[in-house]
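Contents: one structure, followed by commentary.
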Amino acid sequence: MAAEALVELENVCFARGSHPVLAGVDMRIPRGAIVALMGASGGGKTTMLNLMAGTLRPQSGQIRIAGQNLQKFSGDAMYALRRQMGMLFQHSALFTDLTAFENVAFPLRRHFRLPENVLRKLVMMKLEAVGLRGAAGLFPAELSGGMGRRIALARAVIMDPMLIFYDEPFTGLDPISVGIIASLIKRLNTALGATSVLVSHDVEETFSIADYGFILAGGKIIAEGTPAELRNSDSALARQFLGGQPDGPVPFHYPARQDYAAALRDSHAAGEVI
Amino acid sequence: MAMLEFIPQLGRRTLQSIPGLGAASRFLLTSLLSVFNRHFSFQQLFRQIYGFGVRSLILMVVAAFFTGMVLGFQGYYALVRFGATSALGTLVALSLLRELGPVLTALLFAGRAGSALTAEISSMKATEQLSAMEMMAVNPLAWVVAPRLWAGIISVPILCAIFDLVGIFGGYLISVPVLGVDGGTFWAQMQSNVTFSGDILTGLFKALCFGVVVTWIAAWKGYTARPTAEGVGNATTLSVVTASLTVLGLDFILTALLFS
Ligand SMILES: Nc1ncnc2c1ncn2[C@@H]1O[C@H](COP(=O)(O)OP(=O)(O)OP(=O)(O)O)[C@@H](O)[C@H]1O
Ligand SMILES: [Mg+2]
C-alpha cells in the first residue's frame, strides 16, 4: 500500500443514540484502487459510506479526502466535492416520479447545460452498459428490484466521478448480471481513473475485482489486506467471516439485553407465553 | 389536582417546542432564500403553481359558490326584518372579502394541496430520495422544497381572489333572481361600501399570510417525518390539523390587528 491515500479515516467513532456503531475505525483507501468493505449485517458499513460522503458526521476522529479534513468543509465546498463522488444506495433511492432515463440524466441536467442530443447519448451509453437501454422509458415502479439496482448504478456513475461508493451492488441480481456488473465496476474504475469502495456480502465476486479489502466487526477494522492476504489471514474473525461459519467470534445476533435462553426461563417462571 | 399538573405540563410542552420552532423558522428562511441558489428552477416553480391550481381550483369554485349562496340566504333573512335588504350586496361582499374568502381558501388548500405536499416530501424522505439528491450535490431545499413553498405562497392569494369573485356571484344569484332584491341596489351598495385597501387588500394580505403558514407547516411536517410508512401517514394528518388550527388562530390575531 505505497500509493497515496485518497480517503483516510482516523479513529472514527459514531454512535446511534446509545448504540455505538463505529468505535475507532482506522482506514486508508489508496487512490485508484477498488477497495472492498465487508462485515456483518448491521455492522455499520452503510454508515461508513455516509461518513465518507459527508452526509453523516463522526462524533470523534477525522476523515480526510485528498488530505483535506471533511469536517472543515463548508456547505458549498461539500457540494463541490460531491459532484466528484457517486453513490449507489443500498435501496436504490430512485426518483419515483421520473423515468429510468430521467433518473440517470438528473445529475447531468442539474449541473450542466448540455444540448439534448449530447445528453441523450451520454445517458444511453450508461444505460447500455448496465444492459437496460430498452427500459429507458419505464418508471421505477415498473422495474424489477435488480433492474432498479442497475439503473441506480448507471445514475451513480453518470457524472464520471473520481470516488464511487457501491453499497451492495450485487444484491437482487442473477448470477449472469453479477458477473457483468462486477466487470463493469472494474472497467469503470480503470477508465475513469476512479477510486471505488465496494460494500458486498458476495465474497467471491468482490475478491475477484477488489485490490484490497477491509473487514469490519464490532465497530472496528479487524482485518485488512489484499484478497489473498485476507484469505490466509490468521485472524479467527476474518476466517469465520470469509468462510461463512455460524460459530466463531463474530456474533450473528444483534446485542439483546438478555440471553434468549434466560429470557425463556424467566417468562416461563412468570407464566407468560412468548 | 389535574389542573395543577396540567399547568406545568403546558409550560414544559411550550418550552420543548421552542427549539423546534427555531429549526422550523430556519428551514423556512433557508428554503425561501434558495431562490438565489443555482439549483432553484423557475420551471419547477411554475409547474408547482400549475399543480396547486389544478388540484384546488374546482374545489375552490364549488365551495365558493355554495358559500356565497348560503350567505345570500342567511343575510336576506337577517336583513329583511329591518327592511334593510338593500344592504345585502355589502353584507355578502364584506363577509367574503374580509373573512370567509381567506379562511376557507386556506382551510381547503391545507386539506387538498398541503396534505399532498406533506405526503410527497415525506415519502421522498422515506425512500432516501432526498439523501440521493444531497449525494448528487443538488440541494433538496432548493430543488424540492423552495419551489413548493413559493408556489403555495403565490397560489393562495390568487385562489382567494377567485373564491371571493365566485362567492359574490353565488350570493348575487340567490339575492337578485331568487329572493327578488333589486339588482342595481345590490351592486351599487356593494360598490360604495367596499373599499379597495380596507377590505380587498387586507383580505388578500390575510390569504398571503395563510399561504405562508399552510405551505410552511406542510413542507416542515414532510421534511421532518419519520422515514416509515406510518411516519408518512402521521405527518400528513398532522400537517392538515396543525395548518387548519394555525390558520384559525392566526385569523383571529390578524383580524384584531388589521380591522381594529
Ligand atoms: N437512521 C438510523 N437510525 C438509527 N439507527 C440506525 C439508522 N441507520 C442505521 N442504524 C443502526 O446503525 C447500525 C449500522 O447500520 P448500517 O446500515 O450502517 O449497517 P450495514 O453494515 O450497512 O448493514 P447491512 O449489511 O445490513 O446493510 C445498525 O445497528 C442500525 O441499527
Ligand atoms: Mg448497509
Side-chain angles (χ1 to χ4, degrees), chain A residues 46-47 49-57 73-98 102-113 139-141 148 151-167, chain B residues 23 26-27 29-31 33-45 47-48 50-52 54-55 113 116-148 151 222-223 225-229 231-232:
Chain A
T46 301
T47 307
L49 294 188
N50 283 322
L51 286 165
M52 289 188 246
T55 47
L56 289 178
R57 278 169 187 266
F73 275 59
S74 69
D76 285 339
M78 200 68 230
Y79 276 124
L81 182 65
R82 289 216 191 105
R83 286 176 61 164
Q84 302 177 53
M85 291 181 178
M87 164 114 60
L88 168 65
F89 280 78
Q90 188 168 4
H91 303 288
S92 299
L94 293 173
F95 301 126
T96 42
D97 56 341
L98 299 180
E102 286 303 324
N103 260 288
V104 180
F106 184 86
L108 287 179
R109 287 205 196 279
R110 297 288 77 76
H111 294 297
F112 305 111
R113 288 196 181 285
F139 282 90
I151 298 289
L153 180 81
R155 186 179 68 175
V157 298
I158 186 75
M159 295 275 284
D160 293 347
M162 59 132 194
L163 177 58
I164 318 175
F165 303 110
Y166 299 95
D167 201 348
Chain B
R26 229 184 69 180
F27 169 81
L29 284 184
T30 353
S31 307
L33 286 179
S34 57
V35 265
F36 303 113
N37 188 295
R38 51 188 295 276
H39 292 300
F40 182 84
S41 135
F42 283 93
Q43 202 189 339
Q44 283 292 97
L45 173 63
R47 269 185 46 187
Q48 291 302 326
Y50 180 78
F52 284 158
V54 168
R55 272 187 207 141
L117 176 56
T118 309
E120 190 185 13
I121 293 183
S122 55
S123 57
M124 285 181 89
K125 186 185 175 195
T127 51
E128 290 187 307
Q129 294 181 48
L130 297 183
S131 316
M133 217 168 265
E134 189 96 32
M135 198 54 231
M136 286 180 251
V138 175
N139 186 343
L141 288 188
W143 176 254
V144 178
V145 177
R148 286 163 175 78
Y223 202 73
R226 267 180 310 119
T228 59
V232 171

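Here is how names work: the chains are called A, B, and so on, in the same order as the sequence lines, proteins then strands, and each is numbered from 1. We use all heavy atoms of the structure for the numbers below, so side chains are in, but hydrogens, waters and symmetry mates are not.
Side-chain contact between A/Phe106 and B/Val138 is present, with heavy atoms from C-beta onward closer than 4.5 Å. Inter-residue side-chain proximity for A/His111 and B/Arg38 is flagged as met; some heavy-atom pair is nearer than 4.5 Å.
Of the two parts of A/Phe89, only the side chain, counted from C-beta on, holds a non-hydrogen atom closer than 4.5 Å to a non-hydrogen atom of chain B. Contact of A/Ile158 with chain B is not made at all, since no heavy-atom distance falls under 4.5 Å. Residue A/Ser92 does not touch chain B at all, counting heavy-atom pairs closer than 4.5 Å. Residue B/Ser41 does not touch chain A at all, counting heavy-atom pairs closer than 4.5 Å.
The residue among A/Met159, A/Arg155, A/His91 with the most heavy atom pairs within less than 4.5 Å of chain B is A/Arg155. Interface check for chain A: of the options B/Ala132, B/Ser131, B/Ser123, the most heavy-atom pairs under 4.5 Å are formed by B/Ala132.
Annotation: the span from B/Leu130 atom CG to A/Thr55 atom OG1 amounts to 12.5 Å, rounded to 0.5 Å. To the nearest 0.5 Å, the span separating CE on B/Met136 from CG on A/Asn103 amounts to 7.5 Å. With values rounded to the nearest 0.5 angstrom, B/Met124 atom CE is found 6.0 Å from A/Asp97 atom CG. Rounding to the nearest 0.5 Å gives a distance of 11.0 Å between CE of A/Met87 and CD of B/Glu134.
Around CZ of A/Arg109, the count of heavy atoms belonging to other residues, nucleotides or ligands within 6.0 Å exceeds 12.
Closest approach of B/Gln129 and A/Thr96 over heavy atoms only: NE2-OG1, 3.1 Å. In plain terms, the two heavy atoms of A/Tyr79 and B/Pro140 that are nearest each other are OH-CD, 4.0 Å.
Not one N or O on the side chain of A/Arg110 forms a donor-acceptor pair closer than 3.5 Å with the backbone of B/His39.
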